[in-house]
Every structure is written in C-alpha cells, then in structure tokens.
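A quick write-up on the structure given underneath.
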Protein chains: 2
Amino acid sequence: MLVRTPADLGAVIRDRRKQLDLDQATLAKRVGVSRQWVIEIERGHPRAELALVLRAIDVLGIRLDASVGPAPDHPHSESVDIDGIVARARKAKP
Amino acid sequence: MLVRTPADLGAVIRDRRKQLDLDQATLAKRVGVSRQWVIEIERGHPRAELALVLRAIDVLGIRLDASVGPAPDHPHSESVDIDGIVARARKAKP
DNA sequence: TAGGAATGTCATCGTTCGCCGACATTTCCC
DNA sequence: GGGAAATGTCGGCGAACGATGACATTCCTA
C-alpha cells in the first residue's frame, strides 16, 4: 500500500496487527511503547516519533520501500536520471 | 530503497534533494519547516514528527510503499494470508 | 584570493510528545 | 444476558520537539 499520510500509516499498522492477531498491549510491549501510543498511531497521530513508528513497522514485519516518482512503473527509470540532468543544466548559467 | 531506520530516511531525503538540486533552505520552505529541521532529518534524527517527514517525502516526489514481509518476492503472497490463518487457528482453542 | 552561498552549530522558548495509572466503553464468547 | 478481554479516555508530568535568530564553517566561482 502507498503511504502518504499518518492516517495511511495508522491503517497499515492496525490492519497488519489484526492480521497477526495481536492486541494493542502485546504490540506495545514488543515495540517498547505504551498501549496509549499504539492507540494514537492507529488513529493517525501526525506528530508521532519517527523511530517508534519504524520500530513498530519492523515488529509487524512490514517492508517500507522508498522509490522515486509517483508512477508505479520502473522499467529502467533511475539509470536515466532526468531530474538530475535538468537540475544540473538549469544551474549551469543562472 | 528499503527504509528501516531514521538514518535510512535521512539518506533518502538528502540524496533526492541533491538530485533535484535544492538547497536545504528551499526544501524547508516548501515543506513548511525550518532549515534546522532539514539538517536534523538528513542526519537521521530519530524523534522527528511523522507528518513533517511524510510532507518532505511528498514534496521531493518520493513514493513510500508498505508491503508485508522482508522478502522482496511476491508471486501471490497475500492472497493466501498464511499469517492470518495461523493466527486464527491458534486463537480457536486457547 | 576575495566574496557569497550553502551548510552546520548554539542557546532560548513555547508547545506537545509519550508515559503512567485509573476509569469508561465496546466487543466477543460462553 | 453475563463477564472478561480488548479498546478508548482522562489528567498530570518530565523530556524533547521544532522555530527563531545569530554566528561559524565549508565550498564554489568569478
């Protein structure tokens, strides 16, 4: 699933937790946070700590992949690096 | 790239920013944060705000994908949902 | 080499996190 | 329906965030 907002993240975490049949308390213990925190995260709390979120994701066996561009295709993509070329060109004669 | 830690995130953001030939101040302004924040994030600050990180990622045109399992293969994977089946089975007679 | 732009550092300040503990509510089996 | 487990809510507390503004350092380039 594509993650754009904290709410997306929360949904992913909650779904996966249920999929694994874990209750919030158990997940909290495994991640090393309070049960409160799990509740807030699953709600889509926007100001959550990055590291804790990543730990939760890891505990749940979720993979987070960062790729460039909103298009879900990548036949060769990055070997061309159009953005870089344009950027450098633009900078040449400011 | 696979994102596991705040440092990974920082690296992704920094690389992409340079790829687009943006300086920290410009990125900061576009994301709506201070330049300080950009510096800290690129350093891998573990306690950054989730929403700000996601906004930065979005501004940079980076896609974040959440999939299940650390294995990079998915021939059919989720249509079987082995985890769910096992979890439910385990719960049947506690 | 001089100048400026980009990057990194510092101290201060208001705001909010995440934790704790207890309580309310919902959900789900028997 | 009854009761236990899971989930959500409340107030209070220490710690840390992120913003600001000024300053130091590194890196280009004219």
Side-chain angles (χ1 to χ4, degrees), chain A residues 3 5-60 62 83-94, chain B residues 3 5-60 81 83-94:
Chain A
V3 177
T5 70
D8 292 343
L9 224 303
V12 168
I13 289 180
R14 186 179 190 107
D15 288 354
R16 180 62 177 154
R17 175 176 66 79
K18 293 199 164 176
Q19 200 173 62
L20 296 178
D21 193 54
L22 300 173
D23 59 39
Q24 298 175 336
T26 305
L27 174 58
K29 185 160 282 184
R30 292 203 191 161
V31 177
V33 296
S34 68
R35 193 168 61 84
Q36 268 267 15
W37 185 87
V38 173
I39 294 175
E40 303 253 321
I41 275 304
E42 294 188 348
R43 281 232 167 138
H45 183 49
R47 309 198 42 180
E49 276 189 28
L50 180 59
L52 297 183
V53 172
L54 293 180
R55 279 229 305 275
I57 280 182
D58 189 61
V59 164
L60 290 170
I62 299 174
D83 287 323
I85 294 172
V86 173
R88 252 167 279 129
R90 221 178 275 284
K91 193 183 180 182
K93 278 281 162 197
Chain B
V3 177
T5 70
D8 291 342
L9 225 301
V12 168
I13 289 180
R14 186 179 191 107
D15 288 354
R16 180 61 176 155
R17 175 176 65 80
K18 293 200 165 176
Q19 201 173 62
L20 297 178
D21 192 54
L22 300 174
D23 59 39
Q24 299 175 336
T26 306
L27 175 58
K29 185 160 281 184
R30 292 204 192 161
V31 177
V33 297
S34 69
R35 193 168 61 84
Q36 267 271 12
W37 185 87
V38 174
I39 294 174
E40 302 253 320
I41 275 304
E42 295 189 346
R43 279 227 165 142
H45 182 49
R47 309 197 43 179
E49 275 189 29
L50 180 58
L52 299 183
V53 172
L54 293 179
R55 279 230 303 277
I57 280 182
D58 190 60
V59 164
L60 289 170
D81 185 22
D83 287 324
I85 295 172
V86 172
R88 252 165 280 128
R90 223 179 271 287
K91 192 182 181 184
K93 277 282 160 195

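Applying side chain to side chain contact (heavy atoms under 4.5 Å, CB included) to A:Ile57 and the options A:Ile62, A:Val12, A:Val3 leaves one that passes, A:Ile62.
At whole-Å resolution of the value, NZ in A:Lys18 and C1' in D:dA5 are 14 Å apart. In this structure, CG of A:Leu22 is placed 18 Å from P of D:dA5, rounded to the nearest angstrom. One interatomic measurement links the two molecules: CD of A:Glu49 to C1' of D:dG18, which rounds to 13 Å at whole-angstrom precision. For the pair B:Ile39 CD1 and D:dG18 C1', the computed distance is 13 Å after rounding to whole Å. Put simply, CD1 on B:Ile41 is 13 Å from P on C:dG8, counting in whole angstrom units.
A 4.5 Å side-chain heavy-atom check between B:Leu27 and B:Trp37 finds every atom pair outside the cut-off.
A:Glu40 comes within 4.0 angstrom of nothing in the nucleic acid, heavy atoms only.
Within the 4.0 Å cut-off from OP1 or OP2 of C:dT7, not a single side-chain nitrogen or oxygen of B:Arg43 is found. Within the 4.0 Å cut-off from OP1 or OP2 of C:dT16, not a single side-chain nitrogen or oxygen of A:His45 is found. Taking only side-chain nitrogens and oxygens, A:Arg14 never comes nearer than 4.0 Å to OP1 or OP2 of D:dA6.
Within the 3.5 Å criterion, the main-chain N or O of B:Glu42 finds no donor-acceptor partner in the side chain of B:Arg14. For A:Arg35 (side chain) and A:Gln24 (main-chain N/O), no donor-acceptor pair under 3.5 Å exists by modelled atom type. Judged purely by atom type and a 3.5 angstrom limit, B:Asp8 uses its side chain to pair as donor or acceptor with the backbone of B:Thr5. Side-chain atoms of B:Arg55 come within 3.5 Å of backbone N or O of B:Val31 as a donor-acceptor pair.
Closest approach of B:Pro6 and A:Leu54 over heavy atoms only: N-CD1, 3.4 Å.
In this structure, of C:dT9, D:dT7, C:dC19, it is D:dT7 that holds the atom nearest to the side chain of A:Asp23. For B:Gln36, the side-chain atoms get nearest to D:dT20 when compared with the rest of C:dC19, C:dG8, D:dT20. For A:Arg47, the side-chain atoms get nearest to C:dC17 when compared with the rest of C:dC17, D:dG11, C:dG8.
Contact of B:Arg35 with D:dG21 (side chain to base): no donor-acceptor pair of N or O atoms is detected under 3.5 Å.
For residues 24-31 of chain A, proximity to DNA chain D is found at A:Gln24, defined as any non-hydrogen atom under 4.0 angstrom from a strand atom.
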